[in-house]
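Accompanying notes for the structure given below.
By convention here, the first residue in the shown sequence is residue 1.
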Amino acid sequence: MNDLRQLARVGDEDLAGQASGAGARTLLASIIAEEPVKEPWRRPWKRLAAAGVVTAALAAAVVLGPSILNTPGSATSYANAAMDIKLENGMWVARIKDPFADPARYEEAFHAVGLDVKLQLEPASPRQVGEIFQLGTGGDIGQSSSIAIDSDPKDCKITAPDCTMVLTLSQNASGAWIKAGRPAKADEPYANGNRATMDGGSLAGYTVGDKQVSEVAAEAERRGLKVVYQIVQPQPDGGYAMNPDDQSAAVGQDWWVWDAEDAQLGVVRLLVSEEHVIRK
């Protein structure tokens, strides 16, 4: 019995800071309070074996925590190395501690508090870090639901070391899947290309349309950027098409630039065509 009381004490300490351990404490209390069953003297080994099984089961419950002891939605907080999620003022607030973690770790945290949510963070340009690229819904999520990404402290740059990405979800967000931007490593291509000439882009404030490759490439190099090319086929409606199998041609300095995208850190992609078409 002293061993069980010691286990109860250890169990409460181990569960501190995790999802609610009320179920574990109740289970331990009931086992401690249980009157020993009087059995014939010839069966002591079976009695000892049964006690050993109970002890092993309790130890496993302490290690596994909310996945065993809590029904979905019973916990109001959970933390692992990747994410810390809490119910605050009627909203789930998830602080991303490791934006490079395996998405399964985020899913683990959501599941621990009863949410079926999938979060995928992909490398993005600095101006798109913290932006939601794609959002899907399902289950009970509806018109009144809310999913947003912010920062902590408020308005800090998420790319800064002391700035944390914060995902806020309404309680009916179960069934959602989210794809958003995270800081990119030096050799990672951006998952969601954006125009390099926009505010915050690598060619911000510069116009590339109706200019030849030689001119735009010189500006990019002046800004310390490496230049790569993508051959496009301008369309009459002002758009363009891109054939993945038509990228082997050598781009001439007299070709025309259609647009420019940030490709990865320090690299700009020029969308070019041999034909001169003024963009509408």
Side-chain angles (χ1 to χ4, degrees), residues 11-22 24 62-70 72-137 141 145-192 200 264-265:
D12 278 347
E13 293 174 355
D14 287 346
L15 285 170
Q18 302 297 317
S20 172
V62 170
V63 172
L64 293 175
S67 63
I68 295 296
L69 301 176
N70 294 287
S74 63
T76 58
S77 66
Y78 184 82
N80 59 23
M83 188 170 78
D84 182 342
I85 184 168
K86 295 180 181 179
L87 188 62
E88 300 179 6
N89 300 319
M91 299 287 287
W92 289 110
V93 179
R95 291 175 171 82
I96 312 299
K97 297 189 288 186
D98 182 3
F100 304 99
D102 187 325
R105 303 307 307 278
Y106 307 136
E107 191 171 349
E108 168 194 311
F110 286 125
H111 185 265
V113 296
L115 290 175
D116 179 17
V117 172
K118 291 179 173 58
L119 173 64
Q120 183 175 348
L121 298 178
E122 297 193 341
S125 64
R127 66 174 296 273
Q128 287 191 307
V129 171
E131 287 189 9
I132 295 177
F133 295 160
Q134 294 179 338
L135 175 64
T137 61
I141 192 168
S145 63
S146 173
I147 298 176
I149 291 181
D150 208 333
S151 61
D152 184 19
K154 187 75 172 177
D155 297 328
C156 66
K157 289 187 177 181
I158 295 179
T159 51
D162 58 347
C163 188
T164 302
M165 187 185 305
V166 180
L167 179 66
T168 304
L169 311 94
S170 54
Q171 293 187 61
N172 65 339
S174 195
W177 58 268
I178 306 156
K179 184 182 291 187
R182 63 157 172 80
K185 297 177 182 178
D187 58 348
E188 285 185 311
Y190 298 146
N192 198 48
Q264 66 185 72
L265 190 64

- Heavy-atom distance under 4.5 Å between the side chains of V113 and L87, does that happen here? no
- Atom of A109, atom of I85 and distance for their closest heavy-atom approach: O-CG2, 3.9 Å
- For T164 and C156 the tightest heavy-atom approach is N-SG, 4.4 Å
- Message: Surrounding NZ of K86 (heavy atoms of other residues, nucleotides or ligands, distance under 6.0 Å), is the total greater than 12?
- Response: no
- Item | Whether S170 side chain and S146 backbone form a donor-acceptor pair below 3.5 Å | yes
- Distance from D150 atom CG to D155 atom CG, nearest 0.5 Å? 7.0 Å
- Any side-chain heavy atom of I147 sitting closer than 4.5 Å to one from L167? yes
- Task: Taking all heavy atoms of Q264 and all of A186, pick out the closest pair and write down the distance.
- Result: NE2-O, 3.7 Å
- Query: Do Q134 and W177 pass the side chain to side chain contact (heavy atoms under 4.5 Å, CB included) test, and can you show the C-alpha distance, the side-chain angles, and the key distance before you say yes or no?
  - Reply: CA-CA 8 Å; Q134 294 179 338; W177 58 268; 3.8 Å; yes
- Query: How long is the span from the CG atom in D84 to the OG atom in S77, to the nearest 0.5 Å?
  - Reply: 7.5 Å
- Message: Looking at K118 and D116, is any side-chain nitrogen of the basic one under 4.0 Å from a carboxylate oxygen of the acidic one?
- Response: yes
- Item | Heavy-atom pair with the smallest gap, counting every atom of A173 and V117 | O-CG2, 3.7 Å
- Message: Taking the side chain as everything from C-beta on, heavy atoms only, tell me whether F100 gets closer than 4.5 Å to L121.
- Response: no
- Query: Taking all non-hydrogen atoms of both residues, which atom of A184 and which atom of P123 are closest, and how far apart?
  - Reply: CB-CB, 3.6 Å
- Using modelled atom types only, decide if a donor and an acceptor are shared between the side chain of N80 and the backbone of E108 within a distance under 3.5 Å. no
- Message: I want to check something: taking the side chain as every heavy atom from C-beta on, are I132 and I178 in contact at a cut-off of under 4.5 Å?
- Response: yes
- Task: Please report the closest heavy-atom contact between F133 and G181, naming both atoms and the distance.
- Result: CZ-CA, 3.7 Å
- Note on the structure: Taken to the nearest 0.5 Å, the spacing of R105 CZ from L119 CG works out to 13.5 Å
- Note on the structure: Paired with R182, the side chain to side chain donor-acceptor pair (under 3.5 Å) test is passed by just one of E188, Q120, E122, namely E188
- Message: Please report the interatomic distance CG(D152) to CZ(R95), rounded to the nearest 0.5 Å.
- Response: 5.0 Å
- With the side chain counted from C-beta on, respond yes when L169 and F110 share a heavy-atom pair under 4.5 Å apart, and no when they do not. yes
